[in-house]
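Each remark here refers to the structure printed beneath this line.
Just so we're on the same page: letters track the sequence lines, and every chain starts at 1.
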Amino acid sequence: MKVKIWGSLSAFTDGRGELEVEAENFKQLLDQLAEQYPGLKPQIERGVSLALDGWIYREAWFTPIGPDSEVVLMPYMQGG
Amino acid sequence: MKTVHVAATINGDPVEFVCEPHESLLDALRNRLGLTGAKEGCGTGDCGACSVTLNGRLVCSCLVLGAEADKAAIGTIEGMAEADRLHPLQQSFIDHAALQCGVCTPGILVAAKALLERNPDPTDTEVRYWLAGNLCRCTGYDKIIQAVQDAARQMRHA
Amino acid sequence: MNMRAKSERAFKVVGTRPPRPDGVDKVTGRALYGADVSAPGMLAGRILRSPHPHAEILSIDTSAAEALPGVKAVITSADFGLPEDESLRDIQDNCMARGKALYDGHAVAAVAAVSPAVAGAALKLIKVEYRPLPHVTDVDAAFAKDAPVVQAGRTLENVPPGVSENVTSFCEFGHGDLAGGFAKADRIVSRSFTTAATHQGYIEPHACLASMGSDGKADLWCCTQGQYNVRSVCAGILGMEASQLKVTASEIGGGFGGKTTVFIEPVALALSRKAGRPVKIVMTRDEVFRATGPTVTTSIDVKIGMTATGRITAAEAKLRYSGGAFPCVTVDMGAQAAFAAYDLEAVRSLGWNVLTNRPKEAPYRAPGAPQAIYAVESVVDELCEALGLDPLEVRLKNAARKGTKSSYGPTFDDIGLVATLEAAKAHPHYAAPLGPGQARGLSCGFWFNFGGNTCVSLNINTDGTVSVTEGNPDIGGSRAAISQMAAEELGIAYEKVRTVVADTSSLGHNDVTDGSRVTFSVGLATIKAARDAIGKMCARVAKIWGIDEDAVFWEGGYAKPAGPNAGDFPPMSLAEIAAISFQTGGPIAGHHEFNADGAGVSFGVHLCDVEVDRETGATKILRYTVFQDAGKAVHPAYVEGQMQGGAAQGIGWALNEEYIYGADGRLQNPGFLDYRVPVASDLPRIETVILEIPNPGHPYGVRGVGETPIVPPLAAVSNAMSRAIGARLNRLPMSPPTVLKALNAAGA
Amino acid sequence: MLRPDGSHLLGLTSCVGLGRVAPGPENIRERLLLRYEKPETAADAARLLAAEAGLARILAGGTDLLVQLKSGLVELDLIVDIKNIGGMRSITPEAGGFRVGAAVSGAELGEHEEVAKAWPGVVEGFELIGSTQVQGRATMAGNLCNGSPAADSVPGLIAANAIARIAGPNGERDCPVEQIPVGPGRTSLAKGEFITSILLPARAPRSADAYLRFIPRTEMDIAVASAAVNLSLDADGTIAVARVAIGAVAPTVRLVTPAAEAILGTRLDDAALASLAAAASAAANPIDDKRGTVEYRRHVVGVLARRAALIAYGRAGGRK
């Protein structure tokens, strides 16, 4: 499946804004990303959110990801 | 520190306490008498959360020395309801959702009561200016004004 | 069950306006806030703060303070360890400076003594030797290569090289061909903006009472938006196990994001540990302003291209934020939120955070979004003015809607922006005539809204009442809304439910009350806990009736046989089932623990009419209307309250509120006298229009509503004022001298 | 509410603090020995004040004093509460005018119908100080002695030509109000002296005053600039007597004679108003601070003087 990352992360993905990974859930996706693009590791360790078909998830590893899902990585967020 | 002996009435009850000369009436109420309904939001008279009446006048208890309360009559939020009967303003604030966090509420109720005792039929503008010294950060004041006006209506028709 | 099914149900309790459970306590002065409790043998804690904006702490001599009769403990950073986790270390260092004081008001030592007066006297006996360092408080100045470095070595790997060491992080979002987009535009406007730091301005100063014994067990009472977070952070800082620290959240006198972290709690615990007695710390208002979280201060460039008919062709924002003396990622959220209201083919937002000698930022209602959206909405309005287009029509023409690829990446599902704009267009306010010197402004606003970790226990009492235990402090009436959802789901009266906020030992972890998450997430957990209890009640009834569990269903507060085949049994009410629960298998309770998702974004539109006094620059807000999609308003009065309160805070931000630093790097206005929050006479009525476009992620359609309302006022007020004076304003706050200057510059 | 800003407080501390030895535990303990006294005669109060070796302050309304105590920047040794002294809380007619006791609050003065009718500008200036709550306590004498150039009641008193009565170790003396403040946080009162009352003088017919200040909010702020205008008109509406005072634009509230002269003998035509505004602006010597800029204050004080003159003129029965 395709994972969209935000612009500034592309410095660590050879300039690519959309990455191809094989994953069935959020955790697998993060592990894959960290393995394929070690430059993303620090950000992943600081925390990321995941938008799945438009819905934002904060650190939920086992959120299932379908093959046709729209997957967008977002920074971990806090509110007020 | 040379402490000062004070004999006053609070909400109609005789009370005696000692306090330090620099101690505010607010600190005396809260720390010596256990009346924590008046809140300290600023300690400088800018927020009104500590509003009480002193001989019938609305004041910030943070700007009154405890020592000055000698022989005075103090009214606080704790004296507003009669036993289990809420004052119409108190009920109106609940009914109109005129409080969110509620920390400014005791001061606003004491202030609003003082207003309606002097002016039972204020305009919205009069209510807003009377309460200008009572900061509320949650509500945007809208529901507070409605609640005061509704209570005023009820009190006029009572 | 399908939690995303669009709900068309007719509600009985949800949507009504019952009295809040804490109402009587709060109108009689009985409710207990942070500073309202005492303990036997309690000491007063006070904190010594740096008068320097930036200084090396060469030495701290506490001996004279310790010698003062009545002083029981004095602590400095030496009394704390050094946490490995960087963000925890930042929190600790913010609570007690280690090596360097990083801003005016930074804590350097603390005292516990028998009275506040003795503690205050002791503070004056602590000798701190400082070596003042050059300081920087201005966001743009902090970017300069030769700017004083606030903290070295804090730059993240994502910052492109060649900038000041103060720059801690960089982010970029967006999609499309920007240059191509701008080439298609008939008009391009490019403007720079600044926004001052503001404070949440909660009326209750931070306060806590800590009691720690020599056995390492501790109790902490404090006003916080999240007792579990207080527990994790304090346990981490003090090297305790979480189970040994029980944190109880007091009633909270306002938070708005500012009480999502700790300032005095670890200090009170450390003092109590050292003194062996309970310690209470209550901040003064001066301390609140100098040492607790203001917002970021910002400098923003926005460039937008538009066709003559009002279609945006390209949009770009460059956001420079400073979250004070510690790294801060609020700019990430600003950069993501900036263009969220628009359906754009080419959009990019870039963000940098830079360190300054200011207090550590704490979140404030939709953190990062109001500033970015203010700048964007100002430029959109200027384009509308320049092209002679109706600003509401232009928003509608470009509005994000279902299927829009958002500027921050994900594709929107059902969202309420178009409906909200249509409602504003149809409202009498939009067409109301204006007098001379008056003008109208509007702005859109947006917030993401969060879910998060949540636990709820729901106990069915034998008398047929229900006790809900949840773990999020109630900052605006959430206990009422949660009781309503429990009553709705169970089919009982609101009055039969009481919701309480648990201490950290009574329930599993709950994320802080932030991100407009409570009514959504805790409500969702409550509904699921109620369904859990319903399942158990149906199972009991199945046993009583001697039929299959599947043959019993729940409706309107009763267990009923599922159909004629199940048998002919008179329905059993919750009260009847509860009354015999001991005989049928024991107490009945429902639970739900989860990491909630599906919060659903929130949009709002604000209309504002102003009149500007052209001789003094004074602005009067004449009329104000808030339109917002609440998904489903559980307790409409408290939804309106959020909309009105957020609008008032935004109006304050627009007109008068600001952190003012002198050339000496010291805060000039640490009090409500000169930090000017709106007073009652400053504001008109704030009208509200609630739209209900159900959130597909919640069984009742609920969306968070708390944060979005602070976003639009900044630009709504600014756009109205710019139109009133005939000159575009580009800095907040728009204080009268600023306005008069703009008027004079425009040759008025 | 009027109170000194930080710079004033620092000024006060340096007056009393520099002469003292660096604090040690013994000094700190001494300093905790603040006394509170409530004498029953002015002479007793003056004696207490004169005898105090440390720092003594008068307590009337307390709206400034308690803030200073709270700030910790002022360390007092003696508080003298003057509210138990006879006459301090009364308003009495005298020589066609009114003698206002030093402890009369804003709320009390505002409720006094005759004073409000004779001196609407003085009353409105006083009533602008702080909130309803502060009005329940604040006094004109306190506002005056606090020495703030932005004091809201002072321009009106100076324009009114009010006279302060001062008690002291050497007995009573009278002094025009305009001579009391000498700089931010400083007054001309000698050690042991305090104000016991303020006399608002008798009024000629067709006289009125007005006070306006500029603040960013509608309430609760310190004046950024202010102006008071006191007028007496001839029967035909020509201005026969005028006094104009401006606040928050110089180290003290200023009486601006050229501004008064600009409207004397006029019926407040546009040219006179423009000269008045220009004269008020010219007399301003403001500072840049958190509340306003030099440029802004100088401009706005002229606007306020003009607007206040129009109000006073209308109140005095003048028709334009």
**OP:** Answer yes or no: does atom CD of D:Glu40 have more than 12 heavy-atom neighbours from other residues, nucleotides or ligands under 6.0 Å?
**Re:** no

Original post:
Just wondering, do B:Lys2 and D:Tyr36 contact through their side chains at under 4.5 Å, heavy atoms?
Top reply: no

Original post:
Under 4.5 Å between any side-chain heavy atoms of B:Leu63 and D:Gln133, yes or no?
Top reply: no

Original post:
Can you name the nearest heavy-atom pair linking B:Gly45 to D:Ser131, along with the distance?
Top reply: O-OG, 4.4 Å

Original post:
Does the side chain of D:Lys38 reach to within under 4.5 Å of the side chain of B:Asp70, using non-hydrogen atoms?
Top reply: yes

Subject >> Donor-acceptor pair, side chain of D:Thr132 and main chain of B:Trp130, under 3.5 angstrom >> reply: yes

Subject >> Close side-chain approach of B:Leu135 to D:Met220, heavy-atom, < 4.5 Å >> reply: no

**OP:** Considering only heavy atoms and a distance below 4.5 Å, find which of B:Gly48, B:Ala114, B:Ala132, B:Ser24 pairs most often with chain D.
**Re:** B:Ala132

**OP:** Kindly check if the number of other-residue, nucleotide or ligand heavy atoms within 6.0 Å of NZ (D:Lys191) is above 12?
**Re:** yes

Subject >> Side chain / backbone / both / neither for B:Ala111 at chain D, heavy atoms under 4.5 Å >> reply: side chain

Subject >> Check: B:His22 and D:Leu76 side chains under 4.5 Å, non-hydrogen atoms >> reply: no

Original post:
Rounded to the nearest 0.5 Å, how far does CG of D:Leu69 lie from SG of B:Cys62?
Top reply: 12.0 Å

**OP:** Check the surroundings of atom CZ in B:Arg156: do more than 12 heavy atoms from other residues, nucleotides or ligands lie under 6.0 Å from it?
**Re:** yes

Subject >> Engaged part of B:Val4 at the chain D interface, taking heavy atoms whose separation is under 4.5 Å >> reply: side chain

**OP:** Give the member of B:Leu115, B:Thr53, B:Val59 that has the highest number of heavy-atom pairs under 4.5 Å with chain D.
**Re:** B:Val59

Subject >> Close side-chain approach of D:Gln135 to B:Leu58, heavy-atom, < 4.5 Å >> reply: no

Subject >> D:Leu59, part contacting chain B, at a heavy-atom distance under 4.5 Å >> reply: side chain

Subject >> Which portion of B:Val64 sits near chain D, non-hydrogen atoms under 4.5 angstrom >> reply: both

**OP:** Flag the pair B:Arg57 / D:Glu108 as yes when at least one side-chain heavy-atom distance between them is below 4.5 Å, and no otherwise.
**Re:** yes

